[in-house]
Every structure is written in C-alpha cells, then in structure tokens.
Amino acid sequence: MTNENAFNIECTIEELRLEAREAPTAEERRRIEAELEAARADLAKQTGEELP
C-alpha cells in the first residue's frame, strides 16, 4: 500500500466522521458509521495495524 492510498483512506475516514456528526437522522448516522467502520477496517487491513 502506498502512502497516497493510506492518505486517501484517512481523508475518507475524516470526511465520514464529519458527516456522521451532522447526519439529520439516526438512520443516516448509522449508514455513515457503517461506511466509516468499513473504511477503518480497510485501512487497518492495508497497513497491517489494529483498529483503534
């Protein structure tokens, strides 16, 4: 995995965190949080690190 890929995933994670905070409904927040967890898992898999 390149640094650019990791950076892109990290940016996506940060964007999803912001979206989750501003979600208008609980359903939307859950959907965004599911995407967030998938992105975090992808980053952990790519870097070989544990999820925080």
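Predicted, not measured: the structure shown is a model, and the values here were computed from it.
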Could you check if a side-chain atom of Asn5 sits within less than 4.5 angstrom of a side-chain atom of Gln46, using non-hydrogen atoms only?
no
Nearest non-hydrogen partners of Ala23 and Ile32, listed with the distance:
CB-CD1, 4.2 Å
Nearest-0.5 Å distance that lies between atom [atom1] in [X] and atom [atom2] in [Y]:
{"X": "Leu16", "Y": "Ile9", "atom1": "CG", "atom2": "CD1", "answer": "11.5 Å"}
{"X": "Asp42", "Y": "Asn8", "atom1": "CG", "atom2": "CG", "answer": "11.0 Å"}
{"X": "Phe7", "Y": "Thr12", "atom1": "CZ", "atom2": "OG1", "answer": "10.0 Å"}
{"X": "Ile13", "Y": "Glu37", "atom1": "CD1", "atom2": "CD", "answer": "9.0 Å"}

Test of understanding: with salt bridge (charged side-chain N to carboxylate O under 4.0 Å, His left out), list the residues that count as partners of Glu15, not counting sequence neighbours.
none
Any residue meeting salt bridge (charged side-chain N to carboxylate O under 4.0 Å, His left out) with Arg31, in chain and number order, not counting sequence neighbours:
Glu28, Glu35
Any ion pair linking Arg30 and Glu33 (charged N to carboxylate O, less than 4.0 Å)?
no
